Each structure stands twice: as structure tokens, then as C-alpha cells.
Amino acid sequence: MEKNKIIFEDLHRTGEVREMEMPNQSKYNFLLERNKKYMNFNALSFEGMKDKVTYEELHDKIWQYAKALYKKGIRKGDLIGFCAVNTPESIYIMYALDIIGAITVGLSPLNNEYQMRRDIEMIKPQRVITVDMFYGNLKGSLNDFNVSPILYSPIESMQSPIIKAIYKMKQIKEGNFKFGKDFDLKSIVKDGSDSEIERWAYSPDYVSDIMFTGGSTGRHKGVELYGNGFNCLIKALDRVFFLEPGQIHLGNVPVNHMVFGKALTHYVLCNNMEYALTLKMGPNDFTDEIIRTGANGIMGGPIHFENMINNSKITPGSLATVEQAVSGGEAFKLRKKQEVEETLRKGGSNAVIANAIGATETESVTHVDIIDTRNLPFPYYVDYNKEPVTCGYPIPGIEYRIVDKTALTERGEIIDVAPGESGLFLVSGPTIMKGYYQNPEENAKVFVTDSDGKVWFNQGDLMRATGKDFKKTEFTGRVKRNFVSGVSNIYPEEIEELLLKFDEIREAVIVSVPDEKYQYLPVYHISLNYECDTEALKGKIDELIYRTVGEDALPGLIEYTLSPLPRTDNGKLNAPILEQADREKYIGENKANSLVRMKY
């Protein structure tokens with residue numbers, strides 16, 4: 001069998017064993033190939049934009065931007081930091097960089113100045129392209145590392161000259177501006193339309209993106225992703241998702257710094273849908289944007305979907321366009337999933353929310369549990385008292401194993417657990433990352449090789465094979481300690497290291513407690529070196545965490561002690577026992593959540 005062909009069991013549809021030819025090309029060439037028959041279809045829409053962008057216009061714009069950026073000196077293999085929001089210009093830049101062969105480094109617009117410096121220092125990009133309103137958090141680092149910026153406006157595609165003028169004045173006032181045509185994307189694009197690009201030779205191992213994660217070990221690092229891996233993901237999703245060309249997908253998930261959003265962008269555009277981009281990405285805006293755009297497809301985390309419950313905007317028929325809904329990032333609580341689907345029925349949608357699991361290191365989804373309800377009677381209900389919430393089947397091309405945790409972590413042996421037992425979740429396939437950027441130590445922790453020489457990625461999750469055929473997967477927990485609070489990934493190890501900067505603190509452990517609103521709230525356990533003013537210390541902690549890690553990492557509670565924190569038999573701080581005690585203390589049966597996020 002040819003290397004780029006796979007044999008897979010089509011579990012999501014027919015159950016038959018099939019052969020599929022996987023892509024072997026750049027992201028942009030794959031997009032162009034998929035769009036050729038649909039050039040007159042709408043590709044992008046954006047609130048405040050006069051006309052929608054067709055696929056023909058999309059490709060014209062991408063090439064216009066590619067020529068301009070090439071003329072400005074960006075070349076194949078260059079590391080280009082990119083801090084984007086969901087606007088048409090961001091899409092043009094993404095694919096323009098791919099045409100050139102540059103490596104896109106995803107910088108989060110949610111990052112503060114400390115976090116921006118951390119990422120710039122780690123990767124040291126040749127240039128940074130950023131939405132101007134975030135330049136204030138970047139310019140100190142760019143100056144220190146001698147990196148030249150290119151700035152663009154998030155409202156460039158809007159028609160109102162008044163709004164544009166007010167916005168520009170505000171950015172100049174706040175210092176988010178750099179004078180000169182060399183730093184203004186609009187001027188660069190206008191000047192670069194007559195340039196030519198030197199074509200580069202595609203190779204299967206080309207890295208198109210570096211994205212940041214705490215991964216399975218909680219240490220901040222860059223993840224090198226293969227461009228063709230995204231193509232393989234889309235080809236696999238052809239056998240899983242069911243939306244069709246011409247339908248509308250909501251573009252609320254951040255398109256550049258989250259792998260979920262980057263994969264979603266490629267999926268929507270490669271399937272010739274209209275991508276309804278929105279600057280309103282928060283959970284509180286989710287329902288309003290679905291209604292405004294008439295979206296047929298929607299994606300978010302549980303906190304986005306839970307916003308629908310008791311939302312006054314939902315009336316009969318208001319959600320009738322929604323056919324496909326996918327949730328990822330954190331496991332759905334069974335009762336909440338049922339409530340959200342009841343709310344969808346109230347709004348006229350028959351969609352069942354698909355649970356997906358994946359990671360930055362796997363270029364997004366590896367498993368998904370999805371039901372196509374378009375031809376099923378309305379209203380269609382799933383009885384979650386009888387049906388467990390699972391992560392479903394692997395997508396085509398993905399192989400997985402559930403292995404004994406002790407055997408792997410203590411002896412390096414890969415031993416499959418019995419069907420129905422929980423174990424460490426290993427995945428292999430064409431979407432798995434190249435590795436962590438310049439970090440062989442972390443790579444050694446997550447890549448394992450079996451006796452046949454096949455390489456597996458240890459995602460750090462605990463799963464169980466379930467269902468009648470033991471082919472579905474059910475999430476049972478995490479080996480890694482990170483969790484989601486609000487809309488942010490919280491990495492306890494990162495916070496613990498920061499807290500040790502204070503002389504008053506001997507040691508610290510951060511654990512999570514489930515919360516109805518935020519999914520989880522952090523609880524800080526702090527052992528003090530000596531008696532001190534804990535209120536004053538709390539103020540310093542709040543200021544440091546808010547400035548470095550962000551508001552979502554602020555504690556729901558701080559527990560101080562002068563005694564050492566509990567440790568395991570081998571001398572490590574025992575986070576699990578503290579977390580278990582907290583959950584019993586604060587989240588009990590018929591007991592209201594007694595924690596409230598402390599606001600800085």
C-alpha cells in the first residue's frame with residue numbers, strides 16, 4: 001500500500017473497512033484544490049462588511065497578501081509571530097504565509113505583556129504581524145529582541161469611516177501605533193501587488209505552524225505542527241462531519257493561537273462553506289452570534305454551550321438553522337449537556353452536541369461522538385441516564401491504545417489494558433506533531449515507541465474503551481494537572497513556580513474544584529515559611545497572577561498553613577489528595593458551591 005493511503009474502519013458511518021488516500025501537499029494548495037469548483041460560493045462574512053467574500057475573491061486576496069509579504073522580505077522557513085483576531089485580513093495572512101512557506105507562530109491576543117515576552121523570547125521570530133490594539137503588550141519585547149512589527153486594524157473590512165476614524169484615534173492615544181509605511185500592513189499590501197514569489201519545493205516534513213501549550217507536563221512550550229497534518233485532519237473529517245458546501249459555520253473560535261480554531265478554519269474553507277467571522281468570541285456572545293449569523297455549524301467549549309441555558313434570546317425557531325454542534329476543550333457534565341440540548345429543541349434545532357477530544361499536539365480532534373439528526377424525527381432526544389457521554393470513535397487515520405499507566409510510567413512497557421478498564425491514552429497518526437520546539441527533554445516524556453517501531457503520543461489523558469464493541473472511548477480523567485477555568489487553560493505548575501518567588505512561601509500546590517459557571521476554580525494551598533500578614537500576601541499574589549498568568553487563574557480560595565503540605569511516599573507534593581479533600585469539602589451532594597472567584 002502507498003505511504004499516503006490508509007486502511008480504516010468507518011465507525012462513524014458504515015462500519016466498513018475502507019481505503020482512503022490522504023493528502024500530501026501544502027495547506028494552501030489543498031485549499032485551492034478543494035475550492036476550484038466553488039469559486040462563486042461565499043467564503044467569508046464579517047459584521048460591518050459591505051459584501052461577502054467569494055472563494056474567487058478569497059484566493060485573489062491571499063495571493064495579494066503573499067506577494068506583499070514576500071516583497072517585504074518574508075521567506076520560506078522564517079518564523080513569523082502572528083497575533084490575530086477573527087477578521088478577513090487574518091485569514092488572508094494565514095494562507096499567504098503558507099504560500100511563502102513561512103512558519104506561523106500563534107501569539108494569543110489574550111496574552112498580557114509578561115506572556116508575550118515569554119513567547120517571543122522562546123521562539124525569537126524574524127517578524128511579528130499583529131492587530132494594532134495588542135501592540136502595547138508586544139512592543140517592549142519586540143524592541144528588546146529587535147523584532148520589526150507589521151500592524152493591521154481589526155475593523156479594516158468594516159465600511160463605516162466614522163468607526164474607523166474613532167478606532168484609529170483611540171489606538172494612537174493608547175500607543176498602539178507605529179508610524180511609517182514599513183509597519184502598516186495596508187500600505188505594505190498596496191505596495192506589493194506587482195512582486196513575484198519564488199516557489200518552494202514541498203516536502204512531507206514541512207512545519208507550517210508553532211502553537212503554544214502546557215501539554216501533558218504543564219510546562220509552557222511551542223508545538224511544531226505539520227502543514228499536511230491539517231490537510232489529513234480535514235480529509236478524515238469528511239467521513240465524520242456532515243455539513244455541505246454553501247452552509248454557514250460560525251467563526252467564533254480564535255483562528256490563530258488555538259489549534260481548535262485553526263483546524264476549524266481549514267475545515268470550513270476546505271469544505272466550501274461560508275465562514276461567519278466574529279470579533280465576539282466570549283461565551284456570553286455565543287448564542288447571540290448564532291442567531292445573528294443563522295449558523296448551521298457551531299463549535300465551542302461547554303461554557304459556550306451552557307450560555308444557552310435560560311438565555312432570553314432563545315425563542316421558537318431562533319436556533320432552527322443549527323444542524324451540527326461540536327464541543328471540545330473540556331468534558332461536558334452529563335446534566336448540563338442534556339439541559340443544553342433541551343434548550344436547542346426549544347429554539348427549533350434537532351442537533352445533538354458532539355463531544356470531541358484532542359490536543360494541540362494532535363492538531364485538534366482525534367476522537368468525536370457525533371449524530372447526524374437531520375433526517376431523524378423532531379424533537380430528537382438522547383436519554384443520558386442510559387447513554388454515557390463518550391468521546392466516540394477515532395477519526396480515520398488515527399490509531400489509539402489504552403495502556404497500563406504503571407507499566408508505562410514506571411517500567412516503560414506498553415501493555416494494553418483489558419476492554420472496559422481505564423488506562424493511559426496513546427494516539428498515533430498523520431496529525432501528530434513533529435515535537436516540542438527545541439525541547440528534546442519534553443519530547444522524551446510524551447513520545448513512546450512500541451516493539452514494532454511505531455511511535456505513539458501520550459496525551460496525558462485517562463480513557464476507557466466502552467460500548468458493545470469496546471471501540472468507543474470514554475474520558476475518565478487526566479494524568480496531567482491542567483484544567484479549564486472560564487475560557488483559559490490553567491497550568492498549576494506554572495502558578496506554583498511563580499508563587500515561590502515570595503519569601504513568605506515555602507511551597508504551594510494548586511488544585512481545581514468543579515464550578516457551575518467557570519467549569520473549575522483554582523484553590524491555592526500555600527505553606528508559609530513564617531507567620532505573616534496573609535491579607536497583604538494575598539494582595540501581592542493577586543497582582544502577580546493577574547499580571548502574568550491572567551484573571552482566570554486567580555484563586556477561588558487560598559488556604560494557608562505553617563505546616564508542610566502532604567507528600568507522596570516518594571517525596572513529591574501530593575496534589576491529588578489535596579484536590580480530593582477540597583472536592584469533598586466544597587462540592588458535596590446537595591451542597592451549593594461555596595467558592596467564588598476572587599477578582600483582582
Side-chain angles (χ1 to χ4, degrees), residues 27 66 68-84 90 93-94 96-132 134-152 176 178 180 182-183 185 188 200 203 205-215 217-227 254 256-259 262 360-361 363 433-444 446 489 491 494 497-498 547-550:
K27 281 192 296 183
L69 294 173
Y70 188 86
K71 185 175 181 180
K72 192 47 65 176
I74 294 176
R75 294 291 184 268
K76 180 181 183 295
D78 284 353
L79 294 163
I80 306 299
F82 186 25
C83 185
S90 299
I93 295 166
M94 284 171 55
L97 291 172
D98 197 69
I99 286 175
I100 296 170
I103 300 170
T104 302
V105 180
L107 301 174
S108 172
L110 304 176
N111 277 355
N112 55 34
E113 189 172 355
Y114 170 88
Q115 293 165 319
M116 289 293 193
R117 177 175 292 274
R118 173 196 61 191
D119 293 348
I120 295 295
E121 186 173 11
M122 178 186 295
I123 304 296
K124 297 180 177 62
Q126 277 77 31
R127 294 205 73 163
V128 165
I129 304 172
T130 179
V131 172
D132 52 10
F134 306 117
Y135 180 51
N137 283 336
L138 272 163
K139 59 185 176 183
S141 301
L142 299 185
N143 289 335
D144 290 346
F145 294 102
N146 196 28
V147 180
S148 183
I150 297 175
L151 311 181
Y152 71 103
N176 295 326
K178 191 172 179 68
D182 286 344
F183 311 111
L185 181 62
I188 291 170
W200 54 280
S203 60
D205 61 349
Y206 102 101
V207 170
S208 65
D209 297 87
I210 294 177
M211 308 188 81
F212 294 99
T213 183
T217 59
R219 306 295 180 185
H220 191 74
K221 46 198 172 283
V223 179
E224 294 183 288
L225 301 176
Y226 294 116
N256 183 60
H257 74 278
M258 290 179 64
V259 76
K262 190 174 283 281
T360 302
E361 294 91 337
E363 299 195 358
M433 68 172 178
K434 178 181 179 181
Y436 295 122
Y437 180 73
Q438 296 183 354
N439 201 333
E441 182 181 344
E442 291 289 322
N443 289 335
V446 297
N489 283 313
Y491 299 102
E494 180 181 22
E497 285 187 8
L498 287 169
R547 176 171 53 83
T548 55
V549 188

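Computed over heavy atoms, backbone and side chain alike; hydrogens, waters and symmetry mates excluded. What you see is a predicted model; the values in this text were computed from it and never measured.
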Is there a salt bridge (Lys or Arg N to Asp or Glu O under 4.0 Å) between Arg118 and Glu494? Walk through the geometry before answering. CA-CA 12 Å; Arg118 173 196 61 191; Glu494 180 181 22; 2.9 Å; yes
Walk me through whether Asn111 and Asn137 qualify under side-chain hydrogen bond (donor to acceptor under 3.5 Å, both in side chains). CA-CA 8 Å; Asn111 277 355; Asn137 283 336; over 6 Å; no
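Put simply, the side chain of Tyr226 does not reach to within 4.5 Å of the side chain of Ser208, judged on heavy atoms. When side chains are defined from C-beta on, Leu225 does not count as touching Val207, because their heavy atoms never get closer than 4.5 Å. Using a 4.5 Å cut-off on side-chain heavy atoms (C-beta onward), Leu185 and Leu151 make no contact. Under the 4.5 Å side-chain criterion, counting only non-hydrogen atoms from C-beta, Tyr114 is in contact with Leu498. Met433 has its side chain out of reach of Glu224: every pair of non-hydrogen atoms, C-beta onward, lies at least 4.5 Å apart. With a 4.5 Å cut-off on side-chain heavy atoms, Phe134 and Leu107 do not count as touching. In this structure, Ile150 and Thr130 have side chains that are not in contact, with every pair of non-hydrogen atoms separated by 4.5 Å or more.
Partners of Arg127 under the salt bridge (Lys or Arg N to Asp or Glu O under 4.0 Å) rule, at least two apart in sequence or in another chain, do not exist in this structure. With sequence neighbours excluded, no residue satisfies side-chain hydrogen bond (donor to acceptor under 3.5 Å, both in side chains) with Glu121.
Here Asp209 pairs with Lys27 in a salt bridge; the nearest charged N to carboxylate O distance falls below 4.0 Å. Here Glu361 does not pair with Lys434 in a salt bridge; the nearest charged N to carboxylate O distance is not below 4.0 Å.
You'll find the ring centres of His220 and Phe212 inside the 6.0 Å limit.
For the pair Glu113 (side chain) and Gly136 (backbone), a donor-acceptor distance under 3.5 Å is absent. Of the possible donor and acceptor atoms, one in the side chain of Asn256 sits under 3.5 Å from a partner among the backbone N and O of Phe82. Remark: side-chain polar atoms of Asp78 are not paired, donor with acceptor, to backbone N or O of Ile80 under 3.5 angstrom. With Trp200 contributing its side chain and Ile99 its backbone, the two residues share a donor-acceptor pair below 3.5 Å.
Expressed to the nearest 0.5 Å, how far CG of Leu138 lies from CG of Asn176 amounts to 9.5 Å.
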